[in-house]
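Shown next, in structure tokens, is the structure this report addresses.
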Amino acid sequence: MSDFTTIARPYAKAVYDTAHEASSLDSWSDALANLANVISDSQMSELLDSPDLGKTRKGELVIQVLGDELTSQQQNLVKLMAENGRLKIMPDVVEQFEVARAKAENKIEAEVVSAFKLTAKQTNELINTLKNKLGCDITLTTSIDESLIGGVIIKAGDTIIDASMKSELDSLALSLGR
Amino acid sequence: MQLNPSEISELIKSRIEDFDHKVEARTEGTIVSLSDGIIRIHGLADAMQGEMIELPCDTFAMALNLERDSVGAVVLGSYGHLTEGDTAKCTGRILEVPIGEAMLGRVVDALGMPIDGKGPIDTKLTAPVEKIAPGVIERKSVDQPVQTGLKAIDAMVPIGRGQRELIIGDRQTGKTAVAIDAIINQAGTGVKCIYVAIGQKASTVANIVRKLEEHGAMEHTTIVAASAAESAAMQYIAPYSGCSMGEYFRDRGQDALIIYDDLTKQAWAYRQVSLLLRRPPGREAYPGDVFYLHSRLLERASRVNAEYVEEFTKGEVKGQTGSLTALPIIETQDGDVSAFVPTNVISITDGQIFLESDLFNAGIRPAINAGLSVSRVGGAAQTSIIKKLGGGVRLALAQYRELAAFAQFASDLDSATRAQLELGERVTELMKQGQYSPLSVAEMAFVLYAANEGYLNDVPVNKVVAYEAAMLADMKSNHGDLMAQINESGDYNDDISTAMESALDNFKANGVY
């Protein structure tokens, strides 16, 4: 996964700059998501690993699958990455592209894990508080994990705010164990 | 099953009541690779250099390599239970160890946790293991002695409080013995000792603890042990932990003595960590910063002035200087002092005590090579009586070494040369001293006086040791008040000189050995 971050960075930056200049961020976003899906497909992945196919042929294969959905610029990206033997890092490129886009649009995706389902009021309150704290727009995804017993865990990028009953009990156990 | 003293219901209740769990935002990352105790973490964008990183199951790691996309960290302790994909959290704290008076008399590991089975250590303070040494303004020159109780060292290579004196030599030349004797001799002087054992056998450390207990030296000593079985990371940080424990005393206007046994093994441990972190290797495969590794450690041993102490203690301690004296130990291979680490440490320290296997095997113990051993600042700190009397001994030995080589071939020597040789032989014999038997200043003064004033000339060489023992016993029983006077003031004047002369004359006339 993250082993490819460094390699994916220049591609993601170039793609973002191209898309930004052409104001076609949405179209690129869709195309990249499709590409990532195709490349992570197990059959495709096997093909791409195969030594029987030449580098150019692999690029052509990917383009063939998506057919006319790709613009000529997007096709060029695939060809270039195929030539450099970097098709497999497409998911990382997509990830970084989306991060760069979210950053430019001052948005952040936050994930909230709670023990019980949050009411709409609670969700709104959370969004507002996080907005104030992090200073950007929040897209919230929620999930439920009953093992937390109570409270919530909020993850936004690298930052986590752990306000769950479980972690409180864990640290109490640690402090008593000393 | 046995209950711990800390398991009383009331105590547990109060601890639960006082328990304060703060919710705070922390950054989290994922372990992406794990090999030989080195973990690479993705995420943790705002980790600090040297920060403690929390891993699952109460394990901690120390961040050492901050790279663009990952953080390289070294696990402190065992890493068997960690797997790729585990979460790693920043703690926002630099690695810290407990410090304080309660550490004395205890054996702890590199993180300051007790390993002597005597229960938890009641300390309130902690200090970061890595600290910047005091600056120029805060220092004071070295002018008080640390008495090691070894004649050869106190007379020829004196050590001052706040000095860094290297003990260097091959294996089995008595390096540790010198250090342990120095610790034993600090009993009752108020100098607190810290002995840091790095990469040694656990049995050796246990022996040292037992010996110190036997000689009543454990009360003023802390032992920091990172034995050979512990991870390289622990061996690497052990000296810094010990140093922080010693700085507690220095900063509060007291005197402390720290022994790093030995820094060669610490350099090896650091080399291992560095190579596993893929830092480029240099000479002897050590990383580029191996000089800084030792220089930043030894620079923390210093004497600080009263203003520093007053400011540090916020006015609680006034008019007292503090000191941390360091005795680092370096083991050479086959007497090679020009290897990488020995030359580095020689150039950092304020002098060295050079121990030789040839001397050791010839029965001269401590096996100090008087020619190569120097102390660059200790002379200013020597007790005045030892300074006056010790100069002659050093000179006699230097001349003896020069002549001894020639005298091997010459059959006919003039009387002056013969006298010089005979004195040299006797002084060499006189500098021998058993382990765990440190001498007081007065005892040393009498021994040196006897050598300087020719009392040894009519003692056969093989009787010198017996003469010394009998003479000291006689002085103790018949001239106790003179000895007490010397021990108290350390001054040398005509009165004392005459008194010593008459006492020795008396022993010469009546003494038996």
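Letters A, B, ... mirror the listed sequences (proteins, then strands); counts begin at 1.
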Check this for me: [X], atom [atom1], are more than 12 non-hydrogen atoms of other residues, nucleotides or ligands nearer than 6.0 Å?
X       : atom1 : result
E67(B)  : CD    : yes
K121(A) : NZ    : no
E109(A) : CD    : no
K88(A)  : NZ    : yes
K131(B) : NZ    : yes

Next item on the list: Could you go through the side chain to side chain contact (heavy atoms under 4.5 Å, CB included) check for R26(B) and D162(A) one step at a time?
Entry: CA-CA 8 Å; R26(B) 302 207 289 183; D162(A) 192 342; over 6 Å; no
Are side-chain heavy atoms of [X] and [Y] found at a separation under 4.5 Å?
X      : Y       : answer
D69(B) : R9(A)   : yes
E28(B) : T159(A) : no
R68(B) : T6(A)   : no

Note to self: Rounded to the nearest 0.5 Å, what separates atom OG in S171(A) from atom CD in E54(B)?
What the structure shows: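 Nearest 0.5 Å value for the OG-CD distance: 9.0 Å.
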Notebook entry, point to check: For chain A, which of L44(B), T27(B), D46(B) has the most heavy-atom pairs under 4.5 Å?
Noted result: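 Ranked by heavy-atom pairs under 4.5 Å with chain A, first place is T27(B).
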